[in-house]
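The sequence lines fix the lettering, A, B, ..., with proteins before strands; numbering per chain opens at 1.
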Amino acid sequence: MARPFFAMVDCNNFYVSCERVFAPCLEGRPVVVLSNNDGCVIARSAEAKALGIGMGEPEFRRRSFFVRHGVRVFSSNYALYGDMSARVQRVLSRFTPEVEPYSIDECFLLLPERDPEALVAVAREIRRTVVRWTGIPVCVGLARTKTLAKVANRLAKQRPESGGVWLFDGRAGIEAELARFDVGEVWGIGRRSAARLQRAGVLSALDLTRRPRDWVRRKLTVCGLRTMLELRSIPAIPLELAPPPARSVTCSRSFGVRMTALPALEEALSAYVQRAAEKLRSRRLAAGAVQVFVTTARHAPERQYANSGTLPLAAPSAYTPELTDRAGTILRAIFRPGYRYQKIGVLLLDLVPADRRQLTFAEWEDEEVAARHGALMRALDAVNGRFGRGSLRFAGSGTGPKPWHMRQRHLSPRFTTAWDQLPRVR
DNA sequence: TCTGGGGTCCTAGGACCC
DNA sequence: TCTGGGGTCCTAGGACCC
(Lines give C-alpha, C1' and ligand atoms only; values in the text may rest on other atoms or scores of the structure.)
Protein backbone atom coordinates (compact mmCIF):
# COMPACT_ATOMS: atom_id res chain seq x y z
CA MET A 1 0.00 0.00 0.00
CA ALA A 2 1.28 3.45 -0.87
CA ARG A 3 2.24 5.52 2.13
CA PRO A 4 2.23 9.27 1.65
CA PHE A 5 4.93 11.65 2.82
CA PHE A 6 4.45 14.63 5.07
CA ALA A 7 6.19 17.81 4.02
CA MET A 8 6.80 20.47 6.66
CA VAL A 9 7.22 23.82 4.93
CA ASP A 10 8.57 26.45 7.31
CA CYS A 11 9.33 30.06 6.39
CA ASN A 12 12.84 31.19 7.28
CA ASN A 13 12.91 33.88 9.99
CA PHE A 14 9.36 34.61 8.87
CA TYR A 15 8.72 38.04 10.43
CA VAL A 16 12.15 39.30 9.38
CA SER A 17 11.60 37.95 5.86
CA CYS A 18 8.25 39.81 5.66
CA GLU A 19 9.94 43.09 6.58
CA ARG A 20 12.66 42.43 4.01
CA VAL A 21 10.22 41.87 1.16
CA PHE A 22 9.29 45.55 1.41
CA ALA A 23 12.74 46.84 2.38
CA PRO A 24 15.28 44.89 0.32
CA CYS A 25 18.07 47.05 1.73
CA LEU A 26 17.74 44.94 4.89
CA GLU A 27 19.12 41.94 3.01
CA GLY A 28 22.41 40.80 4.53
CA ARG A 29 21.98 43.04 7.58
CA PRO A 30 21.10 42.04 11.14
CA VAL A 31 17.35 42.50 11.73
CA VAL A 32 15.14 41.67 14.71
CA VAL A 33 11.39 41.85 15.29
CA LEU A 34 10.00 42.53 18.76
CA SER A 35 6.97 41.09 20.53
CA ASN A 36 3.88 43.15 21.24
CA ASN A 37 4.63 46.14 23.44
CA ASP A 38 8.20 46.02 22.06
CA GLY A 39 8.99 43.69 24.95
CA CYS A 40 11.40 41.08 23.68
CA VAL A 41 12.98 39.65 20.53
CA ILE A 42 10.76 37.11 18.76
CA ALA A 43 12.39 36.89 15.33
CA ARG A 44 16.01 37.24 14.23
CA SER A 45 17.73 37.26 10.86
CA ALA A 46 20.68 34.92 10.38
CA GLU A 47 23.00 37.90 10.87
CA ALA A 48 21.30 38.76 14.17
CA LYS A 49 21.62 35.16 15.37
CA ALA A 50 25.31 35.26 14.45
CA LEU A 51 25.71 38.31 16.70
CA GLY A 52 24.54 36.16 19.60
CA ILE A 53 21.10 37.74 20.03
CA GLY A 54 18.87 35.13 21.68
CA MET A 55 15.21 34.34 21.21
CA GLY A 56 13.08 36.09 23.85
CA GLU A 57 15.76 38.51 25.02
CA PRO A 58 14.30 41.71 26.52
CA GLU A 59 14.72 44.64 24.19
CA PHE A 60 15.74 47.15 26.87
CA ARG A 61 18.79 45.10 27.79
CA ARG A 62 20.00 44.99 24.19
CA ARG A 63 19.16 48.52 23.14
CA SER A 64 22.70 49.91 23.08
CA PHE A 65 23.99 46.69 21.54
CA PHE A 66 21.51 47.09 18.67
CA VAL A 67 22.72 50.65 18.05
CA ARG A 68 26.41 49.67 18.19
CA HIS A 69 25.99 46.80 15.73
CA GLY A 70 23.58 48.49 13.37
CA VAL A 71 20.78 46.03 14.11
CA ARG A 72 17.51 47.12 12.48
CA VAL A 73 14.62 46.77 14.94
CA PHE A 74 10.92 46.35 14.11
CA SER A 75 7.75 46.18 16.20
CA SER A 76 5.47 43.23 15.35
CA ASN A 77 3.22 44.03 12.41
CA TYR A 78 0.67 41.21 12.43
CA ALA A 79 -1.49 42.76 9.73
CA LEU A 80 1.49 42.41 7.39
CA TYR A 81 2.61 38.95 8.57
CA GLY A 82 -0.91 37.51 8.47
CA ASP A 83 -1.40 38.65 4.89
CA MET A 84 2.00 37.32 3.76
CA SER A 85 1.20 34.02 5.46
CA ALA A 86 -2.02 33.71 3.45
CA ARG A 87 -0.05 34.33 0.23
CA VAL A 88 2.41 31.56 1.06
CA GLN A 89 -0.49 29.19 1.81
CA ARG A 90 -2.13 29.97 -1.51
CA VAL A 91 1.06 29.09 -3.37
CA LEU A 92 1.44 25.83 -1.43
CA SER A 93 -2.13 24.79 -2.22
CA ARG A 94 -1.18 24.69 -5.92
CA PHE A 95 1.03 21.69 -5.18
CA THR A 96 -1.57 19.62 -3.29
CA PRO A 97 -5.07 20.16 -1.93
CA GLU A 98 -3.93 18.51 1.28
CA VAL A 99 -2.46 21.50 3.10
CA GLU A 100 -2.73 22.06 6.82
CA PRO A 101 -1.75 25.58 7.88
CA TYR A 102 -0.12 24.82 11.22
CA SER A 103 1.04 28.24 12.35
CA ILE A 104 1.54 31.65 10.86
CA ASP A 105 4.81 30.49 9.27
CA GLU A 106 4.41 26.72 8.85
CA CYS A 107 2.31 24.32 6.79
CA PHE A 108 2.10 20.55 6.66
CA LEU A 109 1.49 19.09 3.20
CA LEU A 110 0.65 15.52 2.29
CA LEU A 111 2.45 14.32 -0.83
CA PRO A 112 1.65 11.00 -2.51
CA GLU A 113 4.19 8.20 -2.43
CA ARG A 114 6.92 8.42 -5.08
CA ASP A 115 10.61 7.70 -5.33
CA PRO A 116 13.00 9.80 -3.22
CA GLU A 117 14.49 11.76 -6.13
CA ALA A 118 11.04 12.80 -7.33
CA LEU A 119 10.02 13.87 -3.83
CA VAL A 120 13.08 16.02 -3.39
CA ALA A 121 12.47 17.54 -6.82
CA VAL A 122 8.94 18.52 -5.81
CA ALA A 123 10.23 20.07 -2.58
CA ARG A 124 12.80 22.10 -4.51
CA GLU A 125 10.10 23.30 -6.87
CA ILE A 126 7.99 24.35 -3.85
CA ARG A 127 10.90 26.41 -2.51
CA ARG A 128 11.59 28.08 -5.85
CA THR A 129 7.93 28.92 -6.43
CA VAL A 130 7.21 30.30 -2.95
CA VAL A 131 10.22 32.60 -2.93
CA ARG A 132 9.58 33.79 -6.49
CA TRP A 133 5.88 34.53 -5.96
CA THR A 134 5.92 35.86 -2.39
CA GLY A 135 9.52 36.83 -1.67
CA ILE A 136 9.56 34.55 1.37
CA PRO A 137 12.33 31.89 1.58
CA VAL A 138 11.24 28.52 3.00
CA CYS A 139 12.79 25.17 3.93
CA VAL A 140 11.14 21.77 3.43
CA GLY A 141 11.40 18.65 5.59
CA LEU A 142 10.04 15.36 4.20
CA ALA A 143 9.21 12.23 6.22
CA ARG A 144 6.58 9.58 6.92
CA THR A 145 5.26 11.35 10.02
CA LYS A 146 4.69 14.94 11.03
CA THR A 147 7.13 14.77 13.92
CA LEU A 148 9.92 13.40 11.70
CA ALA A 149 9.08 16.02 9.06
CA LYS A 150 9.65 18.69 11.72
CA VAL A 151 13.04 17.18 12.52
CA ALA A 152 13.86 16.99 8.81
CA ASN A 153 12.90 20.63 8.41
CA ARG A 154 15.31 21.57 11.17
CA LEU A 155 18.10 19.70 9.39
CA ALA A 156 17.22 21.42 6.11
CA LYS A 157 17.67 24.74 7.88
CA GLN A 158 20.88 23.82 9.66
CA ARG A 159 22.76 22.15 6.81
CA PRO A 160 23.69 24.47 3.97
CA GLU A 161 24.56 21.49 1.77
CA SER A 162 20.89 20.39 1.94
CA GLY A 163 19.83 23.24 -0.33
CA GLY A 164 16.86 23.81 2.01
CA VAL A 165 15.36 20.33 1.55
CA TRP A 166 15.83 17.28 3.78
CA LEU A 167 14.28 13.87 3.17
CA PHE A 168 13.99 11.19 5.87
CA ASP A 169 13.73 7.77 4.26
CA GLY A 170 15.25 4.51 5.40
CA ARG A 171 15.65 3.46 9.00
CA ALA A 172 19.43 3.65 9.29
CA GLY A 173 19.64 7.22 8.08
CA ILE A 174 16.83 8.37 10.36
CA GLU A 175 18.33 6.71 13.44
CA ALA A 176 21.75 8.19 12.79
CA GLU A 177 20.23 11.68 12.82
CA LEU A 178 17.93 11.05 15.80
CA ALA A 179 20.96 9.88 17.81
CA ARG A 180 22.40 13.38 17.39
CA PHE A 181 19.11 15.19 17.93
CA ASP A 182 18.49 16.55 21.43
CA VAL A 183 15.26 15.11 22.85
CA GLY A 184 14.26 18.57 24.08
CA GLU A 185 14.30 19.84 20.49
CA VAL A 186 11.64 17.36 19.39
CA TRP A 187 8.22 18.81 18.52
CA GLY A 188 5.95 18.14 21.52
CA ILE A 189 8.73 17.75 24.10
CA GLY A 190 8.90 20.97 26.10
CA ARG A 191 11.31 22.18 28.74
CA ARG A 192 9.72 20.34 31.64
CA SER A 193 9.46 17.00 29.89
CA ALA A 194 12.99 17.31 28.51
CA ALA A 195 14.37 17.82 32.02
CA ARG A 196 12.52 14.76 33.34
CA LEU A 197 13.65 12.66 30.41
CA GLN A 198 17.25 13.73 30.85
CA ARG A 199 17.14 12.76 34.51
CA ALA A 200 15.95 9.34 33.38
CA GLY A 201 18.85 9.03 30.94
CA VAL A 202 16.93 9.90 27.78
CA LEU A 203 19.12 12.47 26.04
CA SER A 204 18.56 12.05 22.32
CA ALA A 205 15.45 11.55 20.22
CA LEU A 206 16.76 8.06 19.48
CA ASP A 207 16.93 7.27 23.22
CA LEU A 208 13.22 8.09 23.47
CA THR A 209 12.31 5.68 20.66
CA ARG A 210 14.08 2.89 22.54
CA ARG A 211 11.94 3.16 25.69
CA PRO A 212 8.89 0.93 26.16
CA ARG A 213 5.51 2.41 25.30
CA ASP A 214 4.19 2.08 28.87
CA TRP A 215 7.17 3.91 30.26
CA VAL A 216 6.73 6.81 27.84
CA ARG A 217 2.99 6.92 28.47
CA ARG A 218 3.56 7.13 32.23
CA LYS A 219 6.27 9.78 31.94
CA LEU A 220 4.73 11.99 29.25
CA THR A 221 1.01 11.10 28.93
CA VAL A 222 -0.58 10.09 25.65
CA CYS A 223 0.82 13.12 23.84
CA GLY A 224 4.35 11.99 24.53
CA LEU A 225 3.46 8.48 23.45
CA ARG A 226 2.25 9.79 20.10
CA THR A 227 5.49 11.73 19.70
CA MET A 228 7.53 8.63 20.42
CA LEU A 229 5.57 6.54 17.89
CA GLU A 230 6.00 9.24 15.27
CA LEU A 231 9.77 9.23 15.83
CA ARG A 232 9.58 5.49 15.05
CA SER A 233 7.94 6.38 11.70
CA ILE A 234 4.51 5.25 12.92
CA PRO A 235 1.97 7.99 12.02
CA ALA A 236 0.02 9.02 15.13
CA ILE A 237 -0.82 12.65 14.35
CA PRO A 238 -2.99 12.99 11.24
CA LEU A 239 -3.14 15.89 8.81
CA GLU A 240 -5.98 18.24 9.76
CA LEU A 241 -7.49 19.71 6.63
CA ALA A 242 -10.34 21.61 8.28
CA PRO A 243 -9.36 23.44 11.43
CA PRO A 244 -11.53 22.32 14.34
CA PRO A 245 -13.92 25.04 15.49
CA ALA A 246 -12.41 27.46 17.99
CA ARG A 247 -13.07 26.62 21.64
CA SER A 248 -12.12 30.03 23.01
CA VAL A 249 -11.23 33.55 21.90
CA THR A 250 -8.82 35.73 23.85
CA CYS A 251 -7.78 39.35 23.76
CA SER A 252 -5.17 40.56 26.21
CA ARG A 253 -2.34 43.08 26.24
CA SER A 254 0.42 44.34 28.45
CA PHE A 255 0.06 48.05 29.09
CA GLY A 256 2.50 50.66 27.81
CA VAL A 257 2.67 51.93 31.41
CA ARG A 258 1.62 50.37 34.73
CA MET A 259 -1.93 51.18 35.79
CA THR A 260 -3.42 51.53 39.24
CA ALA A 261 -6.93 52.96 38.87
CA LEU A 262 -10.05 50.92 38.24
CA PRO A 263 -11.55 53.30 35.63
CA ALA A 264 -8.44 53.02 33.45
CA LEU A 265 -8.55 49.23 33.67
CA GLU A 266 -12.24 49.28 32.77
CA GLU A 267 -11.41 51.34 29.72
CA ALA A 268 -8.74 48.93 28.51
CA LEU A 269 -10.97 45.95 29.25
CA SER A 270 -13.79 47.49 27.22
CA ALA A 271 -11.44 47.86 24.25
CA TYR A 272 -10.31 44.22 24.50
CA VAL A 273 -13.86 42.90 24.85
CA GLN A 274 -14.78 44.81 21.68
CA ARG A 275 -11.87 43.20 19.83
CA ALA A 276 -12.63 39.71 21.17
CA ALA A 277 -16.32 40.09 20.26
CA GLU A 278 -15.32 41.12 16.73
CA LYS A 279 -13.24 37.98 16.36
CA LEU A 280 -16.14 35.96 17.73
CA ARG A 281 -18.58 37.37 15.18
CA SER A 282 -16.15 37.04 12.29
CA ARG A 283 -16.09 33.30 13.04
CA ARG A 284 -19.88 33.20 13.37
CA LEU A 285 -19.71 32.10 17.01
CA ALA A 286 -21.34 33.09 20.25
CA ALA A 287 -19.89 32.77 23.77
CA GLY A 288 -21.52 31.04 26.71
CA ALA A 289 -19.19 32.45 29.34
CA VAL A 290 -16.77 35.33 29.94
CA GLN A 291 -13.51 35.21 31.85
CA VAL A 292 -11.40 38.21 32.90
CA PHE A 293 -7.90 38.13 34.37
CA VAL A 294 -5.52 40.78 35.72
CA THR A 295 -1.84 40.55 36.67
CA THR A 296 0.84 42.81 38.05
CA ALA A 297 4.34 42.89 36.53
CA ARG A 298 5.90 39.47 36.97
CA HIS A 299 9.48 40.64 36.93
CA ALA A 300 9.09 43.73 39.07
CA PRO A 301 10.34 43.71 42.66
CA GLU A 302 7.00 44.77 44.11
CA ARG A 303 3.89 43.18 45.56
CA GLN A 304 2.34 40.79 43.10
CA TYR A 305 -1.30 40.11 42.46
CA ALA A 306 -2.99 37.95 39.88
CA ASN A 307 -6.58 36.88 39.76
CA SER A 308 -9.32 35.86 37.37
CA GLY A 309 -13.04 35.32 37.40
CA THR A 310 -15.59 33.66 35.14
CA LEU A 311 -19.28 34.33 34.65
CA PRO A 312 -21.73 32.41 32.50
CA LEU A 313 -24.16 34.27 30.26
CA ALA A 314 -27.89 33.67 30.43
CA ALA A 315 -27.58 32.40 26.85
CA PRO A 316 -24.69 32.36 24.35
CA SER A 317 -24.09 35.85 22.99
CA ALA A 318 -21.92 37.79 20.55
CA TYR A 319 -23.47 41.12 21.51
CA THR A 320 -20.68 43.44 22.62
CA PRO A 321 -22.65 45.44 25.24
CA GLU A 322 -23.68 42.26 27.02
CA LEU A 323 -20.16 40.82 26.98
CA THR A 324 -18.74 44.15 28.18
CA ASP A 325 -21.27 44.26 31.01
CA ARG A 326 -20.33 40.76 32.24
CA ALA A 327 -16.62 41.48 31.92
CA GLY A 328 -16.98 44.69 33.91
CA THR A 329 -18.78 42.84 36.70
CA ILE A 330 -15.92 40.34 36.91
CA LEU A 331 -13.27 43.06 36.90
CA ARG A 332 -14.90 44.95 39.76
CA ALA A 333 -14.99 41.70 41.74
CA ILE A 334 -11.32 40.81 41.27
CA PHE A 335 -9.84 44.33 41.31
CA ARG A 336 -7.77 45.17 44.40
CA PRO A 337 -6.57 48.73 44.95
CA GLY A 338 -2.92 49.42 45.71
CA TYR A 339 -1.34 47.38 42.93
CA ARG A 340 0.38 48.49 39.75
CA TYR A 341 -1.28 46.39 37.08
CA GLN A 342 0.61 45.34 33.97
CA LYS A 343 -1.90 43.34 32.02
CA ILE A 344 -5.59 42.61 31.63
CA GLY A 345 -7.33 40.19 29.35
CA VAL A 346 -10.67 38.70 28.43
CA LEU A 347 -11.47 35.15 27.31
CA LEU A 348 -14.73 34.19 25.64
CA LEU A 349 -15.51 30.56 26.42
CA ASP A 350 -18.08 27.81 25.75
CA LEU A 351 -18.36 28.88 22.11
CA VAL A 352 -21.24 27.68 19.96
CA PRO A 353 -22.22 28.42 16.34
CA ALA A 354 -24.09 31.72 16.36
CA ASP A 355 -26.92 30.49 14.14
CA ARG A 356 -27.71 27.59 16.47
CA ARG A 357 -27.44 29.40 19.75
CA GLN A 358 -30.12 29.25 22.41
CA LEU A 359 -32.09 32.50 22.66
CA THR A 360 -32.59 34.23 25.97
CA PHE A 361 -36.11 34.36 27.26
CA ALA A 362 -36.20 38.08 26.50
CA GLU A 363 -35.11 37.52 22.90
CA TRP A 364 -37.50 34.65 22.46
CA GLU A 365 -40.31 36.75 23.80
CA ASP A 366 -39.35 39.81 21.80
CA GLU A 367 -37.79 38.81 18.48
CA GLU A 368 -37.37 42.45 17.67
CA VAL A 369 -34.75 42.85 20.41
CA ALA A 370 -32.64 40.02 19.04
CA ALA A 371 -32.96 41.36 15.51
CA ARG A 372 -31.94 44.85 16.60
CA HIS A 373 -28.88 43.53 18.47
CA GLY A 374 -27.80 41.48 15.48
CA ALA A 375 -28.30 44.36 13.05
CA LEU A 376 -26.35 46.74 15.26
CA MET A 377 -23.37 44.39 15.46
CA ARG A 378 -23.43 43.79 11.69
CA ALA A 379 -23.47 47.53 11.06
CA LEU A 380 -20.61 48.05 13.52
CA ASP A 381 -18.49 45.34 11.90
CA ALA A 382 -19.26 46.63 8.41
CA VAL A 383 -18.15 50.16 9.26
CA ASN A 384 -14.95 48.96 10.90
CA GLY A 385 -14.30 46.57 8.01
CA ARG A 386 -14.50 49.44 5.57
CA PHE A 387 -12.87 52.28 7.49
CA GLY A 388 -10.42 50.35 9.64
CA ARG A 389 -10.51 48.65 12.99
CA GLY A 390 -11.71 50.90 15.80
CA SER A 391 -13.19 53.56 13.53
CA LEU A 392 -16.49 53.04 15.32
CA ARG A 393 -16.28 51.96 18.93
CA PHE A 394 -18.01 52.02 22.29
CA ALA A 395 -17.42 55.00 24.54
CA GLY A 396 -16.54 52.63 27.38
CA SER A 397 -13.11 52.17 25.84
CA GLY A 398 -12.44 55.87 26.36
CA THR A 399 -12.49 58.98 24.24
CA GLY A 400 -9.31 60.61 25.52
CA PRO A 401 -5.65 59.61 25.33
CA LYS A 402 -4.90 55.96 26.08
CA PRO A 403 -1.82 55.70 28.29
CA TRP A 404 -2.37 51.95 28.52
CA HIS A 405 -1.86 51.43 24.80
CA MET A 406 1.00 49.12 23.97
CA ARG A 407 4.23 50.55 22.70
CA GLN A 408 5.04 50.11 19.02
CA ARG A 409 7.96 52.38 18.43
CA HIS A 410 9.37 50.60 15.40
CA LEU A 411 6.30 49.72 13.37
CA SER A 412 6.57 49.32 9.60
CA PRO A 413 3.63 50.29 7.33
CA ARG A 414 0.92 47.71 6.65
CA PHE A 415 2.26 47.42 3.12
CA THR A 416 -0.26 44.90 1.84
CA THR A 417 -3.45 45.61 3.78
CA ALA A 418 -3.62 49.31 4.62
CA TRP A 419 -6.40 50.03 2.16
CA ASP A 420 -8.15 52.19 4.72
CA GLN A 421 -5.17 54.53 4.70
CA LEU A 422 -5.27 55.07 0.96
CA PRO A 423 -7.30 57.85 -0.68
CA ARG A 424 -10.58 56.59 -2.01
CA VAL A 425 -11.52 57.07 -5.65
CA ARG A 426 -15.20 57.14 -6.44
C1' DT B 1 11.75 52.59 33.67
C1' DC B 2 11.77 48.38 30.21
C1' DT B 3 10.55 40.70 29.73
C1' DG B 4 4.25 38.93 24.09
C1' DG B 5 -0.12 37.01 22.83
C1' DG B 6 -3.19 33.37 21.56
C1' DG B 7 -4.27 28.94 21.51
C1' DT B 8 -4.94 23.44 22.60
C1' DC B 9 -5.06 19.28 25.27
C1' DC B 10 -4.40 16.23 29.35
C1' DT B 11 -4.70 14.95 34.12
C1' DA B 12 -5.72 14.98 38.93
C1' DG B 13 -8.81 15.81 42.25
C1' DG B 14 -13.09 17.31 44.21
C1' DA B 15 -18.14 17.30 44.13
C1' DC B 16 -21.90 14.76 43.52
C1' DC B 17 -24.79 10.80 42.77
C1' DC B 18 -26.49 6.18 43.36
C1' DT C 1 -11.42 -0.74 66.61
C1' DC C 2 -14.46 -1.30 62.49
C1' DT C 3 -17.64 3.41 58.04
C1' DG C 4 -18.10 1.07 49.94
C1' DG C 5 -17.27 1.58 45.41
C1' DG C 6 -17.78 3.30 41.11
C1' DG C 7 -19.30 6.48 37.72
C1' DT C 8 -19.70 11.27 35.83
C1' DC C 9 -18.91 15.97 35.54
C1' DC C 10 -16.37 20.08 36.29
C1' DT C 11 -12.38 22.86 37.15
C1' DA C 12 -7.72 24.30 37.97
C1' DG C 13 -3.32 23.76 36.79
C1' DG C 14 0.24 22.12 33.96
C1' DA C 15 2.42 21.40 29.65
C1' DC C 16 2.90 22.20 25.08
C1' DC C 17 2.90 24.83 20.52
C1' DC C 18 4.23 29.09 17.54
Side-chain angles (χ1 to χ4, degrees), chain A residues 8 10-11 13-15 32-43 53-66 73-78 81-82 85 100-108 146-147 150 153-154 183-197 217-227 237 240 243-258 272 275-276 279-280 283 288-289 291 293 295-302 306-310 312 340 342-351 403 406-410:
Chain A
M8 153 69 7
D10 188 326
C11 303
N13 320 322
F14 180 56
Y15 297 170
V32 299
V33 177
L34 304 176
S35 62
N36 269 337
N37 220 30
D38 292 344
C40 53
V41 173
I42 55 166
I53 300 166
M55 190 71 168
E57 281 198 50
E59 182 264 352
F60 71 90
R61 243 183 246 155
R62 281 289 198 174
R63 197 167 297 156
S64 61
F65 179 92
F66 291 158
V73 178
F74 289 89
S75 299
S76 302
N77 185 342
Y78 287 102
Y81 311 150
S85 174
E100 174 191 334
Y102 173 68
S103 74
I104 195 162
D105 68 335
E106 296 165 281
C107 285
F108 285 107
K146 282 180 159 182
T147 305
K150 290 276 281 187
N153 186 283
R154 181 70 69 84
V183 75
E185 300 291 302
V186 173
W187 182 48
I189 308 291
R191 243 202 3 258
R192 306 300 284 262
S193 300
R196 292 172 62 202
L197 288 172
R217 164 91 228 261
R218 231 176 317 119
K219 274 274 193 242
L220 305 177
T221 81
V222 294
C223 303
L225 178 59
R226 279 196 283 265
T227 298
I237 306 175
E240 276 180 25
R247 303 176 57 84
S248 67
V249 167
T250 306
C251 184
S252 72
R253 295 278 183 284
S254 293
F255 304 128
V257 295
R258 301 283 177 264
Y272 303 161
R275 179 71 197 115
K279 284 195 222 175
L280 194 65
R283 298 173 197 184
Q291 184 174 85
F293 67 87
T295 63
T296 50
R298 260 180 324 179
H299 304 278
E302 56 190 54
N307 204 353
S308 70
T310 309
R340 297 170 68 235
Q342 190 214 10
K343 185 175 182 178
I344 193 166
V346 60
L347 283 80
L348 304 178
L349 309 168
D350 299 345
L351 307 186
M406 65 176 174
R407 286 187 298 272
Q408 288 183 306
R409 284 180 292 226
H410 312 279

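- Rounded to whole angstrom, the span from the CG atom of A:L220 across to the C1' atom of B:dA12 amounts to 17 Å.
- When rounded to the nearest whole Å, the span between CD1 of A:I189 and C1' of C:dC17 equals 12 Å.
- A:A297 comes within 4.0 angstrom of nothing in the nucleic acid, heavy atoms only.
- Ring pair A:W187/A:Y102 is perpendicular by interplanar angle, where above 60° counts as perpendicular and below 30° as parallel.
- We find that OH of A:Y81 is positioned 15 Å from P of B:dG5, with the value rounded to whole Å.
- Separating the CZ atom of A:F255 from the P atom of B:dG4 is a distance of 13 Å, rounded to the nearest angstrom.
- Contact between the side-chain N/O atoms of A:K343 and the OP1/OP2 oxygens of B:dG6 is not found at any separation under 4.0 Å.
- Proximity of A:R192 to the phosphate of C:dA15: a side-chain N or O atom is located under 4.0 Å from OP1 or OP2.
- For the C1' atom pair drawn from C:dG4 and B:dC16, the interatomic distance equals 16 Å after rounding to whole Å.
- In this structure a side-chain-to-backbone donor-acceptor pair under 3.5 Å is present from A:E100 to A:E240.
- Annotation: of the two residues near DNA chain B, A:S248 and A:M406, the 5′-most nearest-nucleotide partner is A:M406.
- With respect to A:E59, the salt bridge (Lys or Arg N to Asp or Glu O under 4.0 Å) criterion is satisfied by exactly one of A:R61, A:R62, A:R63: A:R63.
- For A:R218, no side-chain nitrogen or oxygen approaches OP1 or OP2 of B:dC10 to under 4.0 Å.
- In this structure, A:R191 places its CZ atom 10 Å from P of C:dC17, rounding to the nearest Å.
- Taking the side chain as every heavy atom from C-beta outward, A:D105 and A:N13 never approach each other to under 4.5 Å.
- Closest to the side chain of A:S193, out of C:dC18, B:dG4, C:dA15, is C:dA15.
- Between A:V346 and A:F293, the closest side-chain pair of non-hydrogen atoms is not below 4.5 Å.
- For A:T250, a side-chain nitrogen or oxygen approaches OP1 or OP2 of B:dG7 to under 4.0 Å.
- Between the A:R340 side chain and the A:R258 main chain, no donor and acceptor come within less than 3.5 Å of each other.
- OP1 or OP2 of B:dT1 has not a single side-chain nitrogen or oxygen of A:R63 nearer than 4.0 Å.
- Distances from the side chain of A:Y102 to the nucleotides B:dG6, C:dC18, B:dT3 place C:dC18 closest.
- For the residue pair A:S75 and A:D38, a side-chain donor N or O sits within less than 3.5 Å of a side-chain acceptor on the partner.
- Whole-Å rounding puts the A:E240 CD to B:dT8 P distance at 11 Å.
- For B:dC2, the OP1/OP2 oxygens have a side-chain nitrogen or oxygen of A:R258 closer than 4.0 Å.
- Nucleic acid contact class of A:E106 (heavy atoms, under 4.0 Å, all strands): sugar-phosphate only.
- Here A:S252 reaches the OP1 or OP2 of B:dG6: one of its side-chain N or O atoms lies under 4.0 Å away.
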Pairing pattern in dot-bracket form [Watson-Crick, G-U; both distances under 3.5 Å; | = partner strand] for DNA chain B: ....||||||||||||||
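- Side-chain N/O atoms of A:R298 include none lying less than 4.0 angstrom from OP1 or OP2 on B:dC2.
- Using a 4.0 Å heavy-atom cutoff across all strands shown, A:V249 reaches sugar-phosphate atoms only and no base atom.
- The side chain of A:P58 approaches B:dT3 more closely than any other nucleotide in the set B:dT3, B:dT11, B:dG5.
- Between A:S76 and B:dG5 there is no side-chain N or O to OP1 or OP2 distance below 4.0 Å.
- Residue contacts for A:R226: at a heavy-atom cut-off of 4.0 Å it reaches the sugar-phosphate backbone alone, with no base atom in range.
- Rounded to whole Å, the distance from CZ on A:R154 to P on C:dC18 is 9 Å.
- Backbone-only contact: A:R217 has heavy atoms under 4.0 Å from sugar-phosphate atoms and none from a base.
- The heavy-atom pair separating A:T227 from A:G188 by the smallest distance is OG1-CA, 4.4 Å.
- Close to C:dC18, at under 4.0 Å from its OP1 or OP2, lies a side-chain N or O of A:K150.
- Look at CG on A:L347: it is 9 Å from P on B:dG6, rounded to the nearest Å.
- Although no hydrogens or angles enter the test, the distance criterion places a donor-acceptor pair under 3.5 Å between the side chain of A:E57 and the main chain of A:G54.
- Within residues 32-43 of chain A, the residues having any heavy atom under 4.0 Å from DNA chain B are, by residue number, A:S35, A:N36, A:G39.
- The two residues A:M406 and A:S254 have their closest heavy-atom pair at CB-O, 4.0 Å.
- Counting heavy atoms from C-beta on, the side chains of A:I104 and A:Y81 come closer than 4.5 Å.
- Side-chain contact between A:L34 and A:V41: present, with at least one pair of heavy atoms (C-beta onward) separated by less than 4.5 Å.
- If you check distances only, the side chain of A:R61 does reach the base of B:dT3 with a donor-acceptor pair under 3.5 Å.
- Taking for each of A:Y15 and A:R247 the nucleotide of DNA chain B with the nearest heavy atom, the 5'-most of the two is the partner of A:Y15.
- For B:dC2, neither phosphate oxygen OP1 nor OP2 lies less than 4.0 angstrom from any side-chain nitrogen or oxygen of A:Q342.
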